[in-house]
A.B. asks: 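Before I ask anything, let me first share the structure, which is written out below as C-alpha cells.
Counting from 1, the numbers follow the sequence of the chain as shown.
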Amino acid sequence: MPVGTPQPAIVLVRPQMGENIGGAARAMWNFGLDRMRIVDPRDGWPNQKAVAMSSGAGRLLDEAQLCQTVPEALEDCTYVFATTARARDLTKPVMTPEHAMGLAREKIAAGEKVAVLFGPERSGLENEDIAQANAIINVPVNPEYASLNLAQCVLLTSYEWMRGQVEVAPERVEMAKTEWASHAEVEALAGHYEERMDDAGFFFPEHKADSMKLNLRNMWSRLPLTRADVQMLHGMMRQMVRWKDRG
C-alpha cells in the first residue's frame, strides 16, 4: 500500500520506454513519493524493463494506476502542474520546481489533491495535455540544450518536494568514529610540539622565539582537530624523536 504521507501524484503521460518508467519510479522513491499514474504507455503495462530499471522500487510500480487518458488520470485532482521545457502559446503561470512544490505543499496541506504531468520522452507534453493543467513547471536549464530525460525531470521535481518536507543541514561533518578534540587536548599537543621543537633548536634566533611560539599556538587553535588527529600528531612527533635518538 502507498505510504500515508499526503503527496502529489506523478503522472507519466504516454511514456515510451519501460526503462524510463522504472527510472522515474526509482527517482520518486528516493525522495519519498509513491503515487504514480501511467497514461497509455506505448509498450503496454506491466513492463518488465520498468521493473528491472526501478532498482528496488518495484512495489511502487505494482501499485501504479494505469489510465487510458489524461482526464481519467486527473479526475480526482484539484490542481495540476504540467512540466515542459519549451515555450507554449498558452497563458499560464510558469514556475520553477522549487516554487511549484512549495505551492503543492500548501494546497495538499489544505486538503487539495495535486498532480504533476510529465510528457513522453521524444516530444514532451502536447498543448492539449498542458491545457488541462493550472500551471507550468519549467526547469532552468541550458537554453541551447533543454533536453531532460523523463526520469531526470521526475527526480528534480521529487527532490524539491522532499527538500521542503524535511529539515536538512546544508553541511555536516562525518566524524568517522571519533569526536572533536577538547581545548585541553589541543593545548597538550601544542605543548608537546613546542617542547620537542625547542629541544631541536627550531625557535631561532632567540629574539624571535616568542613570536614563533605564538604563531604556532595560533595555528593549532585554527585547525579543526579531532581526537584521532591529536593522537596521530603526538605519535608522529614521538616517532621522529625516536628516529633522531637512534641516529
Side-chain angles (χ1 to χ4, degrees), residues 3 5 7 22-33 53-57 85 95-102 105 137-149 151-247:
V3 297
T5 306
Q7 59 184 263
R26 185 175 179 177
M28 289 171 61
W29 195 229
N30 270 319
F31 298 103
L33 296 175
M53 188 64 183
S54 67
S55 187
M95 307 177 187
T96 64
E98 179 183 15
H99 182 73
M101 290 301 96
R105 281 189 292 276
I137 295 176
N138 184 258
V139 179
V141 295
N142 178 0
E144 297 180 5
Y145 189 68
S147 177
L148 282 175
N149 174 274
Q152 292 173 328
C153 193
V154 172
L155 184 142
L156 284 169
T157 304
S158 301
Y159 167 73
E160 292 297 349
W161 170 262
M162 172 63 84
R163 201 159 70 98
Q165 294 293 103
V166 296
E167 189 69 32
V168 179
E171 181 179 341
R172 68 180 189 275
V173 177
E174 296 288 349
M175 295 303 293
K177 299 180 181 178
T178 187
E179 55 189 38
W180 294 116
S182 68
H183 180 76
E185 289 166 332
V186 175
E187 278 294 300
L189 178 68
H192 182 192
Y193 269 69
E194 187 175 304
E195 178 183 355
R196 293 305 184 186
M197 291 168 73
D198 207 358
D199 292 342
F202 175 79
F203 299 111
F204 181 85
E206 186 175 347
H207 70 275
K208 292 187 176 180
D210 288 343
S211 64
M212 293 172 71
K213 290 178 181 180
L214 181 64
N215 287 338
L216 188 60
R217 292 276 175 151
N218 191 46
M219 181 196 74
W220 291 122
S221 69
R222 291 200 313 270
L223 295 176
L225 295 171
T226 66
R227 286 184 166 177
D229 296 331
V230 168
Q231 291 168 2
M232 180 186 68
L233 289 166
H234 275 301
M236 287 170 58
M237 179 56 78
R238 284 193 290 267
Q239 190 62 28
M240 286 190 289
V241 170
R242 291 192 189 103
W243 176 80
K244 174 180 175 297
D245 291 344
R246 282 200 302 270

A.B. asks: Could you tell me which non-hydrogen atom of D229 sits nearest to which non-hydrogen atom of P224, and how far apart they are?
C.D. replies: OD2-O, 4.0 Å

A.B. asks: Could you tell me whether K208 and E206 make a salt bridge, using a distance below 4.0 angstrom between a side-chain N and a carboxylate O?
C.D. replies: no

A.B. asks: For the pair T96 and V139, evaluate side chain to side chain contact (heavy atoms under 4.5 Å, CB included) and give the outcome as yes or no after the intermediate values.
C.D. replies: CA-CA 6 Å; T96 64; V139 179; over 6 Å; no

A.B. asks: Please verify the inter-ring angle class for H234 with H192; under 30° counts as parallel, over 60° as perpendicular, anything in between as tilted.
C.D. replies: parallel

A.B. asks: Do you know which two heavy atoms are closest between W180 and L225, and how far apart they sit?
C.D. replies: CE3-O, 3.5 Å

A.B. asks: Work out which heavy atom in L189 is nearest to a heavy atom in V230; give both atom names and the distance.
C.D. replies: CD1-O, 4.0 Å

A.B. asks: Minimum heavy-atom separation for M236 and Y193, please, with both atom names.
C.D. replies: CB-OH, 4.2 Å

A.B. asks: Using modelled atom types only, decide if a donor and an acceptor are shared between the side chain of D198 and the backbone of E195 within a distance under 3.5 Å.
C.D. replies: no

A.B. asks: Could you check whether any side-chain N or O of Q231 sits under 3.5 Å from a backbone N or O of A228, counting only pairs where one atom can act as donor and the other as acceptor?
C.D. replies: no

A.B. asks: Between the side chain of N30 and the main-chain N/O of R26, is any donor-acceptor distance below 3.5 Å?
C.D. replies: yes

A.B. asks: Please check if the side chain of R196 supplies one atom and the backbone of V241 the other of a donor-acceptor pair under 3.5 Å.
C.D. replies: no

A.B. asks: Under the ring pair (Phe, Tyr, Trp, His ring centres under 6.0 Å) test, which residues partner Y159, sequence neighbours left out?
C.D. replies: F31

A.B. asks: Could you tell me which non-hydrogen atom of S158 sits nearest to which non-hydrogen atom of L33, and how far apart they are?
C.D. replies: OG-CD1, 3.4 Å

A.B. asks: With heavy-atom distances below 4.5 Å as the criterion, would you say the side chains of R105 and M101 are in contact?
C.D. replies: yes

A.B. asks: Keeping the roles fixed (side chain from Q7, backbone from T5), state whether a donor-acceptor pair exists under 3.5 Å.
C.D. replies: yes

A.B. asks: Nearest 0.5 Å, please: how far is CD in E187 from OG in S182?
C.D. replies: 10.0 Å

A.B. asks: Check N149 against A151 and note the closest heavy-atom contact, atom names and distance.
C.D. replies: OD1-N, 2.8 Å

A.B. asks: I want to check something: taking the side chain as every heavy atom from C-beta on, are E160 and R163 in contact at a cut-off of under 4.5 Å?
C.D. replies: yes

